Amino acid sequence: AEICHDQSYHFRGEELIASGIYYDSLQTSLGCDSVYMLVLNRLPIYMIEDTVSICEGDVYNFRGKNIYNPGVYYDSLQTVSGCDSIYKLFLEVKPRFYQELESTICKGEVYDFRGRLLTESGVYYDSIKTDYGCDSVCRLTLHVLPSYLIPVYAEICHDQSYHFRGEELIA
């Protein structure tokens, strides 16, 4: 006979829970000895353990149920012998990151944003992968300040000099 891990077997007035060979003797109505022999096999419980990692915001289908929170999840199965077995899932949820940057340059300068050379004010995005393979986003707000051209007109004679912003200019 076979029993599942959490069952017992009744044999000739005894309740058995361990695998083994069991005997019981009796006498027939004619006075002859007879022997019952039981070979009992206790089937093991199967524990299937698995660890799965997903990225934050993703969903994992665990035996027909969608889960997205980290934790330990269980499901019971039946073997072909009809015994329960347990499926144990460790779900890890890896983070995604959202990084915001802000920078200012002057007109005519170039800002290198993750390999993109920017010269205009605006909001720029770049997606990156974390070490866990999760998509993450980097957002840059770039301000480009204007530069001004202020013309100054001056006239000097041939042998004169002109002072301009700390410099002495000679014609």
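Computed over heavy atoms, backbone and side chain alike; hydrogens, waters and symmetry mates excluded. Everything quoted here is computed from the prediction, not taken from an experiment.
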TODO: Locate the shortest heavy-atom distance separating Ile45 from Ser85; write the atom from each residue and the value.
DONE: CG1-CA, 4.4 Å

Task: Test: Asp135 and Lys129 ion pair at under 4.0 Å - done: yes

TODO: Determine, using the 4.5 Å side-chain heavy-atom cutoff (strictly less than), whether Phe11 and Tyr23 are members of one ILVMFWY cluster.
DONE: no

Open item on the list: So, taking the atom named CD1 in Ile21 and the one named CG in Leu40, what distance separates them when rounded to the nearest 0.5 Å?
Closed with: 10.5 Å

Task: Residues Glu92, Lys94: salt bridge by 4.0 Å N-O rule - done: yes

Task: Sub-4.5 Å side-chain heavy-atom contact between Leu38 and Arg12 - done: no

- [ ] Write down the atom of Ser121, the atom of Val144, and the distance for their closest heavy-atom approach.
- [x] OG-N, 2.7 Å

Task: Distance-minimising heavy-atom pair for Cys138 and Leu101 - done: SG-CD1, 3.7 Å

TODO: If the plane angle is over 60° it's perpendicular, under 30° parallel, otherwise tilted; pick one for Tyr73 and Phe62.
DONE: tilted

Task: Any side-chain heavy-atom pair of Thr130 and Pro95 under 4.5 Å - done: no

TODO: Under the side chain to side chain contact (heavy atoms under 4.5 Å, CB included) rule, what do Ile67 and Leu89 come out as? Steps first, then yes or no, please.
DONE: CA-CA 11 Å; Ile67 55 175; Leu89 173 71; 3.7 Å; yes

Task: Contact summary for Ser161 and Ile170, nearest pair of heavy atoms - done: CB-CG1, 4.0 Å

Task: Within-4.5 Å side-chain heavy-atom neighbours: Leu140 and Leu118 - done: yes

Open item on the list: So, taking the atom named CD in Gln7 and the one named CD1 in Ile17, what distance separates them when rounded to the nearest 0.5 Å?
Closed with: 12.5 Å

Task: In one Ile/Leu/Val/Met/Phe/Trp/Tyr side-chain cluster, 4.5 Å: Ile86, Leu43 - done: no

Open item on the list: Nearest 0.5 angstrom please: Ile3 CD1 to Cys83 SG, how far?
Closed with: 8.5 Å

Open item on the list: If hydrophobic clusters are built from ILVMFWY residues whose side chains come within less than 4.5 Å, do Leu77 and Tyr60 share one?
Closed with: yes

- [ ] Give a yes or no on whether Val72 and Met47 share a hydrophobic cluster (residues Ile, Leu, Val, Met, Phe, Trp, Tyr; joining criterion: side-chain heavy atoms under 4.5 Å apart).
- [x] yes

TODO: Please confirm whether the backbone N or O of Cys134 pairs with a side-chain atom of Arg96, one donor and one acceptor, at under 3.5 Å?
DONE: no

- [ ] Look at atom CD of Glu120 and say whether more than 12 heavy atoms of other residues, nucleotides or ligands are closer to it than 6.0 Å.
- [x] no

Task: Geometric cation-pi criterion, Arg116 with Tyr124: 6.0 Å, 45° - done: no

Open item on the list: Counting only heavy atoms not in Gln78 (residues, nucleotides, ligands), do more than 12 fall under 6.0 Å from its CD?
Closed with: yes

- [ ] May I ask you to decide if Lys88's main-chain N or O and Glu49's side chain share a donor-acceptor pair within less than 3.5 Å?
- [x] no

TODO: List the atom of Ile54, the atom of Asp58, and the distance in Å for their closest heavy-atom pair.
DONE: CD1-O, 3.4 Å

Open item on the list: A side-chain contact here means heavy atoms from C-beta on lying under 4.5 Å apart; do Ile105 and Leu142 qualify?
Closed with: yes

Open item on the list: Counting neighbours of OH on Tyr36 that are heavy atoms of other residues, nucleotides or ligands and sit closer than 6.0 Å, is the number greater than 12?
Closed with: no

Task: Crowding at OH, Tyr132 (>12 non-hydrogen neighbours, <6.0 Å) - done: no

TODO: For the pair Arg42 (side chain) and His5 (backbone), establish whether a donor and an acceptor sit closer than 3.5 Å, ignoring hydrogens and angles.
DONE: yes

Task: Nearest-0.5 Å distance that lies between atom CG in Leu117 and atom CG in Asp112 - done: 5.5 Å

Open item on the list: As an exercise, state the distance from CD of Gln99 to OH of Tyr125, rounded to the nearest 0.5 Å.
Closed with: 13.5 Å

Task: Same apolar cluster: Val52 and Ile48, side chain cutoff 4.5 Å - done: yes

Task: Where Cys55 and Val93 come nearest, the two heavy atoms and their spacing - done: C-CG1, 4.2 Å

